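One structure is given below, encoded as structure tokens.
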Amino acid sequence: MKTRELTMGQAIVQFLKNQYVERDGLERAFFAGMFGIFGHGNVAGIGQALHQYSDEFRFYQTRNEQSMVHTAAAYAKMCNRLSTFACTSSIGPGATNMLTGAAGATINRLPVLLLPGDIFSTRLVAPVLQQLESPESQDFSVNDCFKPISKYWDRINRPEQIVTALPEAMRVLTSQAETGTVTLALPQDVQAEAYEYPARLFEKRIYTIPRPRADKRLLKTAVEWISKSERPLIIAGGGVIYSEATAQLAKFVEQTGIPVGETFAGKGSLRYDHPQNLGAIGATGTPGANIVAREADLVIAIGTRLGDFTTASKTAFQNRNVRFININIAEFDAAKHAALPLVADARVTLSELSDAIGAYRIDKGYAAQIEKYRDAWEEEVERLYHLDNKPLPSQSEVIGVVNEFSRPEDVVVCAAGSLPGDLHKLWRSRNPKQFHLEYGYSCMGYEIAGGLGIKMADPTRDVYVLVGDGSYLMLAQEIITSIQENYKLIIVLIDNDGHSSISGLSEATGAQGFATRFRYRDENTGELQGEILPVDLAANAKSLGANVIEAPTPHALKLALQDAQESDKTTVVKIDVDFGTRVPQYESWWDVPVAEVSEVDTAKQAFQEYQKAKQKERYFLG
């Protein structure tokens with residue numbers, strides 16, 4: 001058997017560069033390169049290997065370990081999970097900085113490979129700088145924290161262990177049902193150890209991404225349920241887009257007339273102006289989508305995990321006879337809500353349903369209701385786009401300007417605060433990849449790092465990063481990386497001097513917006529009730545190397561976007577918005593617990609309202 005003597009670090013790089021995936025006859029490299037920050041835990045192992053093979057496997061220097069995982073996840077999402085990045089860090093804080101990004105990738109079902117350094121396998125050098133010591137076991141490090149948030153986890157204590165570990169890692173990463181974060185903890189001494197590896201380990205490998213079909217009997221039952229349904233509804237999730245099933249969805253709903261509500265990940269499954277598209281569904285949904293959900297007798301969930309926002313805390317579906325059909329590549333998600341589970345690829349299944357459904361079509365009364373809801377919602381969007389709010393513009397006006405200025409092929413990205421909910425409702429998607437929201441984890445700080453990953457996946461598109469001041473303050477450093485690598489982003493920085501989203505939630509739960517504004521502490525009261533802090537985020541963005549434009553009005557924002565589009569490097573457009581002007585919640589309720597006892601009148605009133613709303617929550621037991 002032919003062998004190659006390599007260090008473990010060198011062997012990992014040689015393996016990664018030769019991993020490919022294929023779907024529908026199209027082949028592509030699975031790893032686009034590696035992100036990393038070096039420290040004593042990886043510089044002499046993986047770092048040396050990346051240096052040695054820099055002309056074969058691209059390395060990208062990042063500024064924050066959390067953000068590089070976000071960038072990898074965003075890249076994978078943009079590539080429909082068919083390509084991603086590996087991420088390497090040192091031991092200690094470098095590794096644990098990746099935990100938040102790792103959790104986000106797993107929750108969002110996105111493949112990312114993490115290669116954190118680890119303590120010495122020999123244990124001769126201990127305690128290592130940054131080592132967490134345990135009196136219970138020496139087989140323990142901070143990297144054990146990755147176990148509950150990884151879909152596969154391994155610690156490589158001998159160099160030959162990667163011969164079996166790396167194929168297992170690829171099995172999980174390339175599984176559309178099981179994908180997420182894969183963590184291989186690499187002791188720093190083992191990274192540098194040499195071993196005679198079998199040469200076949202480094203040959204090109206192609207993993208076929210299959211399109212599994214549903215069980216024939218279950219598919220037949222699904223057709224029967226649909227044919228007997230009077231008020232069916234489709235919930236389109238991210239799986240519609242990942243499986244590239246948007247054309248098949250459009251064909252099926254045009255054939256049957258069944259309306260569609262979109263999740264955050266599924267927005268763009270249909271164009272916003274498609275006759276069957278009722279828009280966003282759930283806690284951040286439109287009136288029409290949520291009324292139809294409330295009355296539906298059959299819900300066909302496609303590629304969604306039916307999260308809390310989509311199901312509106314189990315209050316969305318109030319028809320006592322409602323039934324569910326779940327089309328999902330993952331058995332775990334297909335079984336939710338005691339559904340008829342079609343564990344299958346969305347594109348194949350929609351095609352088979354179209355062929356089998358025959359002449360079924362919703363009745364004219366239901367169709368007329370859908371059209372009415374759509375027309376009313378378009379009027380509401382226009383109103384919110386043009387509020388002419390004074391003295392400061394509203395957030396909805398900013399969304400309107402960006403939406404109307406951007407091209408169908410461009411991408412808007414966001415993640416946390418009140419912006420995602422407003423975008424879910426108001427953004428008019430004209431392309432399956434135009435709307436990129438990280439809302440499985442709702443992770444503040446994802447926005448700019450995620451925007452970089454999107455741009456790297458498709459440099460032909462302009463990427464509009466919509467980020468609030470709260471998220472910007474948490475993780476803006478990858479502005480530097482975007483400039484270093486010449487990936488231009490257009491960042492719209494929306495500043496309201498606080499956390500408006502949580503302020504609204506605080507008010508709704510009776511806490512009166514406590515500690516949600518960025519204010520000085522009042523010397524007399526001891527509370528955070530003083531003047532607004534004089535934070536200059538525009539100056540901060542400029543210091544990171546970005547072009548910066550301040551836009552005081554929606555009209556000025558439009559002009560600034562034009563300048564940003566024509567610029568050759570990342571541009572930050574800052575606009576101040578009104579803190580209290582919010583987009584309403586429509587026909588929905590989200591369960592956020594309220595204090596059962598309190599001396600505050602607003603909290604008492606909020607609890608009474610909470611008790612009433614909670615009575616509508618349901619179990620779905622079939």
Side-chain angles (χ1 to χ4, degrees), residues 221-237 240 249 252-264 266-267 269-270 272 274-302 304 306-327 336-340 353 357 360-381 421 424-425 584-591 612-622:
T221 301
V223 172
E224 293 172 356
W225 284 16
I226 296 169
S227 298
K228 295 177 182 178
S229 175
E230 295 180 357
R231 298 185 64 84
L233 168 69
I234 289 172
I235 298 178
V240 174
L249 176 64
F252 181 70
V253 299
E254 288 160 11
Q255 179 181 350
T256 62
I258 299 175
V260 175
E262 297 175 316
T263 70
F264 278 92
K267 193 171 177 71
S269 295
L270 295 176
Y272 83 95
H274 191 285
Q276 267 59 57
N277 191 355
L278 289 171
I281 192 168
T284 54
T286 69
N290 285 335
I291 293 171
V292 168
R294 188 164 64 224
E295 300 172 353
D297 60 358
L298 178 66
V299 176
I300 307 167
I302 308 174
T304 171
L306 293 173
D308 187 33
F309 262 56
T310 304
T311 62
S313 301
K314 301 296 192 299
T315 62
F317 314 110
Q318 289 295 308
N319 188 321
R320 303 310 300 181
N321 298 314
V322 65
R323 297 193 289 191
F324 295 86
I325 298 171
N326 287 359
I327 302 169
K336 289 177 178 175
H337 287 29
L340 179 72
L353 286 174
I357 201 65
Y360 169 81
R361 190 169 181 83
I362 62 171
D363 66 39
K364 293 181 179 179
Y366 190 26
Q369 187 180 15
I370 293 164
E371 184 178 4
K372 176 184 175 183
Y373 289 146
R374 280 188 42 76
D375 291 344
W377 180 244
E378 286 307 304
E379 291 180 6
E380 177 70 346
V381 173
H424 191 209
K425 287 190 280 279
Q585 193 170 7
Y586 302 95
E587 301 288 341
S588 186
W589 176 78
W590 182 37
D591 191 341
K612 294 177 184 178
K614 192 155 179 74
Q615 292 174 10
K616 295 182 180 180
E617 286 187 330
R618 297 182 56 188
Y619 289 108
F620 297 107
L621 302 175

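Each residue takes its place number in the sequence, starting with 1. Small disclaimer: the values here were computed from a predicted structure and weren't measured.
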The test is side-chain hydrogen bond (donor to acceptor under 3.5 Å, both in side chains); show your working for Glu254 and His274 and say whether it passes. CA-CA 9 Å; Glu254 288 160 11; His274 191 285; 2.8 Å; yes
On a heavy-atom basis, which atom in Ile370 and which in Gly257 lie closest, and how many Å separate them? CD1-O, 4.0 Å
Specify the closest pair of heavy atoms between Ser227 and Ile357, including all atoms of both residues, with the distance to one decimal. OG-CD1, 3.8 Å
For Leu298 and Ile258, what are the C-alpha separation, side-chain angles and deciding distance, and is it a side-chain contact (heavy atoms from CB on, under 4.5 Å)? CA-CA 10 Å; Leu298 178 66; Ile258 299 175; over 6 Å; no
Please report the closest heavy-atom contact between Leu249 and Ala236, naming both atoms and the distance. CD2-CB, 4.2 Å
If you define the side chain from C-beta out and look only at heavy atoms, does anything of Ile362 sit under 4.5 Å from Pro232? yes
Is Arg374 reaching over with its side chain to a backbone N or O of Gln276, donor-acceptor style, under 3.5 angstrom? no
Answer yes or no: is there a side-chain heavy-atom contact under 4.5 Å between Val299 and Phe620? no
Partner set under salt bridge (charged side-chain N to carboxylate O under 4.0 Å, His left out) for Lys614, not counting sequence neighbours: Asp591, Glu617
Can you tell me if Thr284 uses its side chain to pair, donor with acceptor, with the backbone of Phe309 under 3.5 Å? no
Donor-acceptor under 3.5 Å (Asn290 side chain, Gly282 main chain): yes
Residues 278-295 vs salt bridge (charged side-chain N to carboxylate O under 4.0 Å, His left out), sequence neighbours excluded, gives Arg231-Glu295, Arg294-Glu587
At what distance, to the nearest 0.5 angstrom, does CG of Leu340 lie from CH2 of Trp225? 4.5 Å
Flag, side chain of Glu262 to backbone of Leu270, donor-acceptor distance under 3.5 Å: yes
Partner set under salt bridge (charged side-chain N to carboxylate O under 4.0 Å, His left out) for Glu378, not counting sequence neighbours: Arg428
Rounded at 0.5 Å granularity, tell me how far OG in Ser229 sits from CD1 in Ile325. 8.5 Å
What are the two closest non-hydrogen atoms of Ala296 and Val322, and how far apart are they? O-CG2, 3.4 Å
Determine whether a donor-acceptor pair (N or O, by modelled atom type, separation under 3.5 Å) exists between the side chain of Ser269 and the backbone of Gly266. yes
Of all heavy-atom pairs between Gly279 and Ala289, which one has the smallest distance, and what is that distance? O-CB, 4.3 Å
How long is the straight-line distance from CG of Leu353 back to OH of Tyr360, given to the nearest 0.5 Å? 12.0 Å
In Å and rounded to the nearest 0.5 Å, what is the NZ to OG1 distance from Lys336 to Thr304? 7.5 Å
Check whether Tyr373 reaches the backbone of Thr286 with its side chain - one donor and one acceptor, N or O, closer than 3.5 Å. no
Can you find a pair of side-chain heavy atoms, one from Val253 and one from Ile234, that are under 4.5 Å apart? yes
Heavy-atom distance under 4.5 Å between the side chains of Tyr366 and Pro259, does that happen here? yes
Mind checking what makes side chain to side chain donor-acceptor pair (under 3.5 Å) contact with His337, not counting sequence neighbours? none
dist Trp590:CH2 -> Gln585:CD (nearest 0.5 Å) comes out at 9.5 Å
So the side chain to side chain donor-acceptor pair (under 3.5 Å) pairs with at least one residue in residues 310-321 (sequence neighbours excluded) are Asp308-Ser313
Report the residues that fulfil salt bridge (charged side-chain N to carboxylate O under 4.0 Å, His left out) with Glu371, sequence neighbours left out, ordered by chain and then residue number. none
Looking only at non-hydrogen atoms, find the nearest pair between Ser588 and Ala283 and report the distance. OG-CA, 3.2 Å
Approximate separation, where rounding is to 0.5 Å, of Ile281 CD1 and His424 NE2: 8.5 Å
